[in-house]
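A short write-up of the structure that comes next.
Chain naming here is simple, since letters A, B, ... match the order of the sequence lines and numbering starts at 1 in each.
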Amino acid sequence: MSELTVKEESNEKKSLNFIEASIENDLKEGKNGGRVHTRFPPEPNGYLHIGHAKAICIDFGMAEQYGGKCNLRFDDTNPAKEDVEYVDSIMEDIHWLGFDWEDRLYYTSDYFQQLYDFAKDLIRKRLAYVDFQTAEEISKQKGTPTQAGEVSPYYEKYSVEENLDLFERMNKGEFEEGTCVLRARIDMTSPNMHMRDPIIYRIIKHPHHRTGDKWNVYPMYDFAHGQSDYFEGITHSICTLEFEVHRPLYDWFIDQLKDSDYRPRQIEFNRLNLTYTVMSKRKLLQLVQEGLVNGWDDPRMPTICGLRRRGYTPASVRSFINKIGYTKFDGIIDVSLLEHSIREDLNKTATRVSAVIDPVKLVITNYPEGQTEMMSMPNNPEDENSGSHDMPFTKELYIEREDFMENPPKKFFRMTPGQEVRLKGAYIVKCTGCGKDENGNVTEIYCEYDPMTKSGMPESNRKVKGTLHWVSADHAVDAEVRLYDRLFIAEDLNEEKDKDFRDLMNPDSLKVLKNCKVEPFLADAKPMDRFQFTRLGYFCVDKDAKDGALIFNRTVSLKDSWSKEKAKN
RNA sequence: UGUCUCAUGGUGUAACGGUAACACAGCAGAUUUUGGUUCUGUCGUUCGGGGUUCGAAUCCCUGUGAGACAACCA
């Protein structure tokens with residue numbers, strides 16, 4: 001489907017965002033030999049979400065736009081938290097979005113030796129020292145944002161040779177986790193906390209998913225990221241705003257490392273927040289682990305795999321990212337913009353089919369018993385080349401229960417006694433009444449059809465207020481339909497600081513309908529196939545579906561002006 | 001009583017010293033064999049106070065508000 005249409009939306013004229021402006025400025029000044037080389041650096045400790053999609057689009061997008069390259073680099077400096085499980089899913093998600101790193105797949109662990117050697121250089125230059133204090137002591141000495149830190153008693157305790165020896169012994173495993181660390185020697189009085197002799201190496205005796213038990217010391221993020229950029233020849237290291245305070249440290253290490261004019265530069269943009277959902281890895285993990293959702297790819301999750309299973313197309317996600325822009329303002333995007341993006345895409349591409357999700361029987365009392373007519377239904381009125389498919393029409397049909405009202409409010413244009421409606425693609429019928437059970441529930445609806453109003457006949461052009469979708473009771477196929485709604489009831493979860501986000505979950509975020517009737521054309525639909533259920537919304541076949549057991553996920557409903565009208569009364 | 005960053009309609013984003021605009025959302029109407037789509041119209045915006053300038057959303061000062069930073073996480 002539209003997975004392959006990657007570059008179609010890039011040709012529209014747009015003003016430059018601040019990242020593009022700054023890259024173009026670097027280019028104009030001839031920095032780094034006119035190269036643009038970016039990287040996407042996920043930590044393999046969770047699944048990618050739509051916020052990462054934003055990062056992926058800018059990282060790969062800038063490279064593409066300026067004739068450069070973008071590396072994929074797994075930032076695997078903490079073996080205690082990371083796992084190969086995540087590596088594969090991350091690569092799958094990037095590819096699904098339509099981006100490719102070609103042969104440039106790297107791991108920060110590829111540079112462990114270089115980083116280790118660089119750390120020893122710093123020791124030799126007296127710019128790093130081994131500190132045997134506890135985490136609490138170090139933290140206490142670090143001061144607070146408003147109060148300077150104090151110099152560590154280990155600052156000058158050992159000679160260069162002793163520090164070198166100690167660091168090597170740390171790596172040999174002679175010390176237990178937490179007994180000592182290697183710190184860069186910068187400035188304990190710096191107003192920037194990150195410059196107060198940051199820890200650059202700590203002992204972790206947990207096997208690494210790629211290097212096994214080769215190392216007992218692992219570099220911290222700040223000591224790995226910028227240097228890895230440098231080793232790979234990255235020119236623009238684009239990341240989110242919370243790393244802004246780290247930039248002086250990023251630059252400090254690069255200064256110690258560089259031996260030419262080349263230098264990578266960190267640029268920070270605003271992270272994506274969406275209304276009615278959470279975006280932090282920690283909270284997403286919690287939802288999964290506590291069984292509050294059905295896994296990382298639960299269609300209610302803002303994960304890439306969740307959106308995929310929900311029925312979002314890569315093109316729609318990219319178009320959404322394209323609309324929200326990159327700035328330094330920390331705002332929150334209305335999910336309705338995401339929904340608009342997928343409707344916009346699917347309206348052009350999804351085949352229209354008939355499905356009744358809350359069926360009630362409609363009997364056409366004057367239609368011949370046992371007769372079946374095949375009605376031709378256009379696959380997509382938005383696309384003349386999309387063709388059509390046939391749908392059987394019989395005396396007994398199913399229609400939506402909510403499309404009938406015995407005593408309707410004003411502006412109800414659907415089935416009600418005495419009123420004519422059109423059965424889409426078939427005949428105009430007039431409702432004559434309904435049958436009820438002993439509790440007064442409608443069990444059947446009766447109508448008469450006008451044989452002269454079959455679609456295509458001149459009389460079918462008669463003005464009728466309402467058009468209903470239907471399926472033949474004799475031919476309908478059973479299906480399960482899963483209706484999804486927003487996961488949370490609060491618009492901005494960040495505003496609800498005093499509440500646990502789990503208490504703000506929407507109890508109706510998933511409704512499973514088991515007794516749905518779909519047209520026979522759908523009988524052999526396959527997982528991930530996308531459709532528009534006429535008048536209802538966009539749906540895709542869930543991966544749990546099997547032959548003979550159809551399951552559909554609602555991606556998004558159609559816009560519904562009737563429900564708004566109804567709400568007014 | 002620190003450092004850094006940010007502040008434009010309800011939500012985002014543009015305008016780069018010269019008429020404040022675009023998208024989404026909302027509202028109203030037209031078209032429609034989907035109460036969908038499409039089309040038209042409409043509502044509504046520069047955080048406050050000073051200054052520079054013929055002219056300020058934009059530059060300067062100041063105030064206010066918001067976010068980030070005190071993990072041996074990334």
With sequence neighbours left out, the residues meeting salt bridge (Lys or Arg N to Asp or Glu O under 4.0 Å) with Asp110(A) are Arg210(A)
Applying ring-ring contact (aromatic ring centres under 6.0 Å, His included) to Phe488(A) and not counting sequence neighbours gives none
Quick tally for nucleotides 14-25 of chain B: nucleotides whose base has a protein heavy atom under 4.0 Å get B, sugar-phosphate-only ones S, the rest -, giving SSB-------SS
Sorted by chain and number, sequence neighbours left out, ring-ring contact (aromatic ring centres under 6.0 Å, His included) with Trp296(A) holds for Tyr47(A)
Taken in chain and number order and not counting sequence neighbours, the residues that satisfy ring-ring contact (aromatic ring centres under 6.0 Å, His included) with Tyr221(A) are His225(A), Phe243(A)
Taken in chain and number order and not counting sequence neighbours, the residues that satisfy ring-ring contact (aromatic ring centres under 6.0 Å, His included) with Tyr276(A) are none
Q: Evaluate the side-chain proximity of Trp252(A) to Ile186(A): yes if any heavy-atom separation is below 4.5 Å, no if none is.
A: yes
### Query
Step by step, would you call Lys517(A) with Glu400(A) a salt bridge (Lys or Arg N to Asp or Glu O under 4.0 Å)?
CA-CA 10 Å; Lys517(A) 306 288 185 184; Glu400(A) 296 293 343; over 6 Å; no
> Less than 4.0 Å between a side-chain N and a carboxylate O, is that true for Glu242(A) and Arg271(A)?
Replying inline: yes
- Query: Side chain of Glu382(A), base of U38(B): donor and acceptor closer than 3.5 Å?
  - Reply: no
What nitrogen or oxygen pairs link the protein and nucleotides 40-43 of chain B at under 3.5 Å?
none

The correct set of residues in residues 454-465 of chain A placing a heavy atom under 4.0 Å from RNA chain B is Ser455(A), Gly456(A), Ser460(A), Lys463(A)
What protein N or O atoms touch nucleotides 68-71 of chain B N or O atoms at under 3.5 angstrom, if any, and at what distances?
| from | atom 1 | to | atom 2 | distance (Å) |
| --- | --- | --- | --- | --- |
| C69(B) | O2' | His194(A) | NE2 | 2.9 |

For the base of G35(B) and the side-chain ring of Trp562(A), does the geometry meet a stacking cutoff of under 5.5 Å between centres and under 30° between planes? yes
Item to complete: Could you go through the salt bridge (Lys or Arg N to Asp or Glu O under 4.0 Å) check for Glu150(A) and Lys142(A) one step at a time?
Response: CA-CA 6 Å; Glu150(A) 303 160 30; Lys142(A) 214 154 205 172; over 6 Å; no
| request: Flag as yes if Phe413(A) stacks onto the base of G35(B) (centroids under 5.5 Å, planes under 30°), otherwise no. | output: yes
When pairs are called at under 3.5 Å and a stem needs at least three consecutive Watson-Crick or G-U pairs, the stems of RNA chain B are B:2-7 with B:64-69, B:10-13 with B:21-24, B:26-30 with B:38-42, B:47-51 with B:59-63
Heavy-atom nearest nucleotide on RNA chain B taken for Gln147(A) and for Leu468(A); more 5' hit belongs to Gln147(A)
Residues in residues 171-180 of chain A with a heavy atom under 4.0 Å of RNA chain B, by number, are Gly178(A)
From the list Asp229(A), Asp26(A), Asp251(A), salt bridge (charged side-chain N to carboxylate O under 4.0 Å, His left out) partner of Arg265(A) resolves to Asp26(A)
Residue set satisfying salt bridge (Lys or Arg N to Asp or Glu O under 4.0 Å) with Asp403(A), at least two apart, ordered chain then number -> Arg414(A), Arg535(A)
